Amino acid sequence: MKLLYAPASPFARKVRVTAHELNLLPHMELISTAVLPTEHNQQVSQLNPLGKIPVLFTDDGQTLYDSRVICAYLAEVAGNDSLYPRQAHWQHQTDIALADGLLDAALSLRYERALRPQQHQWPAWIAGQQRKIDAALQTLAASPALQQEQLSAAQISIACALGYLDFRLPELDWRSAHPALATFQAAFGARPSMRSSIPE
């Protein structure tokens with residue numbers, strides 16, 4: 001398998017953490033590339049019409065994209081059905097979607113602040129993304145996934161989203177407002193899969 005990714009991408013990090021946890025990382029070739037919303041990456045766009053990473057090339061010739069799809073595929077390849085537990089399946093899937101939505105809002109906020117000239121930044125847009133982040137954190141803080149002993153894809157998604165906030169938006173100081181998430185992240189962040197995939 002080959003994974004097209006960007007080292008700082010939180011969605012690619014989620015795939016790398018999942019592959020590490022499933023012992024598939026040694027069987028995966030990592031191909032680093034750069035993707036920016038303001039520049040066209042022809043290689044990525046030929047593989048994913050949305051021009052986004054990560055993209056996985058499977059051993060049987062498929063091209064898969066979207067971190068949720070890739071992570072589910074990796075679990076199937078590894079024969080692991082515990083990452084996506086049947087009990088409370090839809091709540092688990094909702095937690096994954098919410099963590100990914102938090103990442104989307106955080107990325108939008110980051111791009112607005114880092115790529116758009118300051119005189120053209122839109123305060124209402126920034127405030128809207130911040131509201132989404134705050135609401136997602138509030139909801140995730142009450143998720144049963146935080147207390148599960150068995151590793152799950154929801155936990156990986158939540159941990160990677162929180163890690164991205166630390167990496168790109170440290171000024172948000174989400175820990176003081178959400179101690180349950182802070183406790184979860186302190187424990188989960190110590191896992192070898194998380195430590196080996198810290199964004200560059």
Side-chain angles (χ1 to χ4, degrees), residues 7-22 52 54 66-72 74-75 80-114 122-199:
S9 164
F11 290 106
R13 184 182 193 196
K14 187 168 79 163
V15 172
R16 290 167 62 202
V17 169
T18 300
H20 189 287
E21 292 287 349
L22 294 170
K52 294 183 174 182
D66 185 275
S67 61
R68 276 184 271 186
V69 172
I70 295 171
C71 290
L74 294 176
N80 181 304
D81 55 7
S82 64
L83 278 186
Y84 296 88
R86 292 183 182 178
Q87 185 178 12
H89 174 76
W90 296 114
Q91 181 58 54
H92 181 83
Q93 293 292 338
T94 300
D95 284 345
I96 293 171
L98 184 56
D100 285 356
L102 188 159
L103 276 177
D104 286 334
L107 283 163
S108 292
L109 182 58
R110 163 77 176 159
Y111 290 150
E112 182 72 12
R113 289 179 176 170
W122 189 8
W125 177 267
I126 291 172
Q129 302 312 308
Q130 184 64 60
R131 278 193 301 274
K132 291 176 185 180
I133 292 169
D134 292 342
L137 288 170
Q138 187 69 36
T139 302
L140 289 172
S143 170
L146 303 184
Q147 308 301 326
Q148 291 172 347
E149 292 184 15
Q150 180 69 43
L151 175 70
S152 71
Q155 291 174 334
I156 293 171
S157 296
I158 294 167
C160 289
L162 296 175
Y164 184 76
L165 293 183
D166 286 341
F167 178 54
R168 291 295 194 198
L169 303 169
E171 70 278 6
L172 296 185
D173 187 29
W174 56 268
R175 283 178 176 79
S176 60
H178 305 288
L181 287 175
T183 300
F184 165 78
Q185 188 69 353
F188 202 94
R191 296 179 75 93
S193 60
M194 289 291 286
R195 295 174 63 81
S196 69
S197 64
I198 293 172

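In this text, all values refer to a predicted model and were calculated from it rather than measured experimentally.
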State the [atom1]-[atom2] distance between [X] and [Y], to the nearest 0.5 angstrom.
X: S67; Y: R16; atom1: OG; atom2: CZ; result: 13.5 Å
X: F188; Y: L181; atom1: CZ; atom2: CG; result: 13.0 Å
X: E171; Y: L165; atom1: CD; atom2: CG; result: 9.5 Å
X: K132; Y: L137; atom1: NZ; atom2: CG; result: 14.0 Å
X: L140; Y: S157; atom1: CG; atom2: OG; result: 9.5 Å
X: S143; Y: I158; atom1: OG; atom2: CD1; result: 4.5 Å

Report yes if some heavy atom in the side chain of [X] is under 4.5 Å from a heavy atom in the side chain of [Y]; otherwise report no.
X: L83; Y: L22; value: yes
X: W174; Y: Q185; value: yes
X: D134; Y: R131; value: no
X: H20; Y: S197; value: no
X: K14; Y: R68; value: yes

Open item on the list: Could you walk me through whether F11 and D100 satisfy the side chain to side chain contact (heavy atoms under 4.5 Å, CB included) test, starting with their C-alpha distance in whole Å, then the side-chain angles of each, then the deciding distance to 0.1 Å, before giving a yes or no?
Closed with: CA-CA 8 Å; F11 290 106; D100 285 356; 3.7 Å; yes
Open item on the list: I'd like to know if the side chain of R13 and the backbone of A161 have a donor-acceptor N/O pair within less than 3.5 Å.
Closed with: no
If you take all heavy atoms of [X] and [Y], which pair is closest and at what distance?
X: Q155; Y: Q150; result: OE1-O, 3.5 Å
X: I126; Y: R113; result: CG2-NH2, 4.1 Å
X: A19; Y: L74; result: CB-CD1, 4.0 Å
X: H92; Y: A154; result: CE1-N, 3.2 Å
X: A8; Y: R168; result: CB-NH2, 3.7 Å
X: V17; Y: C160; result: CG2-SG, 4.1 Å

TODO: Determine, step by step, whether C71 and I156 satisfy the side chain to side chain contact (heavy atoms under 4.5 Å, CB included) criterion, reporting the C-alpha distance in whole Å, the side-chain angles of both residues, the deciding distance to 0.1 Å, and the verdict.
DONE: CA-CA 10 Å; C71 290; I156 293 171; 5.9 Å; no
Open item on the list: For R175, is there an ion pair with D166 - N to carboxylate O distance below 4.0 angstrom?
Closed with: yes
TODO: Go through the steps for R191 and E21 under the test side chain to side chain contact (heavy atoms under 4.5 Å, CB included), then give the verdict.
DONE: CA-CA 9 Å; R191 296 179 75 93; E21 292 287 349; 2.8 Å; yes
- [ ] For side chain to side chain contact (heavy atoms under 4.5 Å, CB included), just list the numbers for Y164 and R110, CA-CA rounded to whole Å, side-chain angles, deciding distance to a tenth of an Å, and then say yes or no.
- [x] CA-CA 10 Å; Y164 184 76; R110 163 77 176 159; 3.6 Å; yes
Task: Heavy-atom neighbours of Q138 CD exceed 12 at 6.0 Å - done: no
Open item on the list: Under a 3.5 Å threshold, yes or no: a donor from one side chain and an acceptor from the other, between Q91 and D95?
Closed with: yes
